[in-house]
2 protein chains.
Amino acid sequence: METDLPKFDSAFSIDFVIFGFEAGELKVLLIERNQEPFNDWWALPGNLVENNESLDDAATRILFELTGFRDMHMEQFHTFGSVNRHPLGRVITVAYYALIRIIGQKEIRPVTQYAKKVSWHAINELPKLAFDHDEIFESSIQKLRRRLGYQPIAFELLPEKFTLTQLQLLYEAILNKKLDKRNFRKKMLSYGFLKELDEKQKGVSYRAAKLYKFDRRKYFKIFQNDLNLES
Amino acid sequence: METDLPKFDSAFSIDFVIFGFEAGELKVLLIERNQEPFNDWWALPGNLVENNESLDDAATRILFELTGFRDMHMEQFHTFGSVNRHPLGRVITVAYYALIRIIGQKEIRPVTQYAKKVSWHAINELPKLAFDHDEIFESSIQKLRRRLGYQPIAFELLPEKFTLTQLQLLYEAILNKKLDKRNFRKKMLSYGFLKELDEKQKGVSYRAAKLYKFDRRKYFKIFQNDLNLES
DNA sequence: CCAAAAGTGTTGGAGGTACACCCATGA
DNA sequence: TCATGGGTGTACCTCCAACACTTTTGG
């Protein structure tokens, strides 16, 4: 066991639950650890926060180092600070979720020395994770579900142009339940922030669906701010 | 300026937004600092996390030290980690809100050496706060508003026996808007988790109102778990 | 022409909103 | 008896849920 972490008796880290949506399934990016403790286990990607960077800056940097992407939607959702969550010492971790568009860019650039492999895992078939990462994941999915109700996060996971069926499948994957097709479409379109394009799906061997775009400007015009959505 | 904080170039703290409800107003407990930086400023109470305690344990301890109360409802809501949020060095703070029943126990026991005074302030008349505490407060009230919709937090702020008008005033204070009396009562009673008592308000110079109790058991029977409340 | 998914309306019920007056009590 | 808040019902409307068939397209 090596202890190459600076100030390891009291360190901050950031751990990421990185969500992607592909083939109708919600997926999470995991790394296979290349280091004790939990060598060979799957874990959420993450790293330590440097002394001269804010949490959000650290999150941006770490996500870039891990995936090669910038400007992903990300948000802090909980901080985990049990004394013994890390066997080698005290590490408090701020958990973020990130939403990325898998489509088109399947190859995540290989990562730090901490990871042997990086790969997407369907959220219904996750392996047992290292540390307290099961708990972190569980917490992330609950937050995601809740925020789906009042923030336009679904569109961060879809390609720019998408069909209503894709959107519905994504909602179903996040909420983990079936929705009624007609009701779903009616409601989504009634909001007025989906822009119908003059374009159709390509390469399918059945009737091609219309493509839509999320109109962020209209969305924010309709919901001045997030909070106006409720009561 | 003294720097008596241990490991001050990278410390954790917990800051509290402690809410109370009194005289129809939502209030927050602030301390007047007795120390540089921000000597004489009002600030949110808080303290450093020790190395051998989890965040929630630290929160419980700190809240007890500050107020003399245990078993208050409290919950972490965000972690603030700008590099320069504390002028003397890097301090990452995990913000919690706590809900306490002011009624009957107006005297908060005097506090640490960090505070000259401790007092309740109506949330609409807050002074400018030290550090980034304005931002932390703002964030807390938004979380509180949202959680009011799906968690039984109002009852943590009211005395055990309360009138429907008190409950309504509390909702109005948190949501910062007027509600319709008849609709509010109808809806609250329709949930079925308020127990009407054979008792009335005392000491008022007008018709005394019926008292109610929150029936936690029924609440959890009705809403198996928090998440079932939505969609 | 077949397989596959796209696309489309109506109805009933629940719940939300708007709204105004009489009642009970203590001073 | 008066001032103060307590307590109550109805009508409308919006939104949600349930539900099945026809259309389009590529192979």
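Protein chains get the first letters and strands the later ones, always in sequence-line order, with residue 1 at the start of each. Values in this document were obtained by computation on a predicted structure and should not be read as measured data. Computation of the quantities below employed the complete heavy-atom set of this structure, encompassing side-chain atoms and omitting hydrogens, waters and symmetry-equivalent molecules.
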Nearest atoms (heavy-atom pairs only) where B/Ala98 meets B/Phe16: CB-CD2, 4.0 Å
Whole-Å distance separating the CD atom of B/Glu196 from the C1' atom of D/dT8: 13 Å
Sugar-phosphate only, base, or nothing, as touched by B/Thr165 at under 4.0 Å among non-hydrogen atoms: sugar-phosphate
Using residues 122-132 of chain A as the side-chain source, report each donor-acceptor pair under 3.5 Å to any protein atom, sequence neighbours left out, with the distance given to one decimal.
unit_1, atom_1, unit_2, atom_2, d
A/Lys128, NZ, A/Asp134, OD2, 2.9
A/Asp132, OD1, A/Arg85, NE, 3.4
A/Asp132, OD1, A/Arg85, NH2, 3.0
A/Asp132, OD2, A/Arg85, NE, 2.7

Modelled atom types, side-chain donor and acceptor of B/Ser190 and B/Arg185, under 3.5 Å: no
N/O donor-acceptor pair under 3.5 Å between B/Glu25 side chain and B/Ala173 backbone: no
Sugar-phosphate only, base, or nothing, as touched by B/Lys186 at under 4.0 Å among non-hydrogen atoms: base
A/Lys187 NZ to D/dT14 P, straight-line distance once rounded to whole Å: 17 Å
Reading 5' to 3' through nucleotides 20-27 of chain D, protein heavy-atom contacts under 4.0 Å coded B for base, S for sugar-phosphate only, - for none: B--BBBSS
Between C1' of C/dT8 and CG of A/Leu164, the distance in whole Å: 12 Å
Ring centers of A/Phe64, A/Phe69 separated by less than 6.0 Å: no
Residue whose nearest DNA chain D nucleotide is more 5′ - B/Ala209 or A/Tyr191: B/Ala209
Nucleotide D/dA18, atom P - distance to NZ of A/Lys177 in whole Å: 10 Å
Any donor-acceptor N or O pair under 3.5 Å, side chains A/Thr79, B/Thr79: yes
Rounded interatomic separation in angstrom, taking CG from B/Asp180 and P from D/dT8: 14 Å
Spacing between B/Asn183 atom CG and D/dT10 atom P, to the nearest angstrom: 14 Å
B/Leu167 CG - D/dG7 P separation (whole Å): 13 Å
Rounded interatomic separation in angstrom, taking CZ from A/Phe184 and P from C/dA6: 12 Å
Cation-pi check, B/Arg147 onto B/Tyr97 ring (under 6.0 Å, within 45° of axis): no
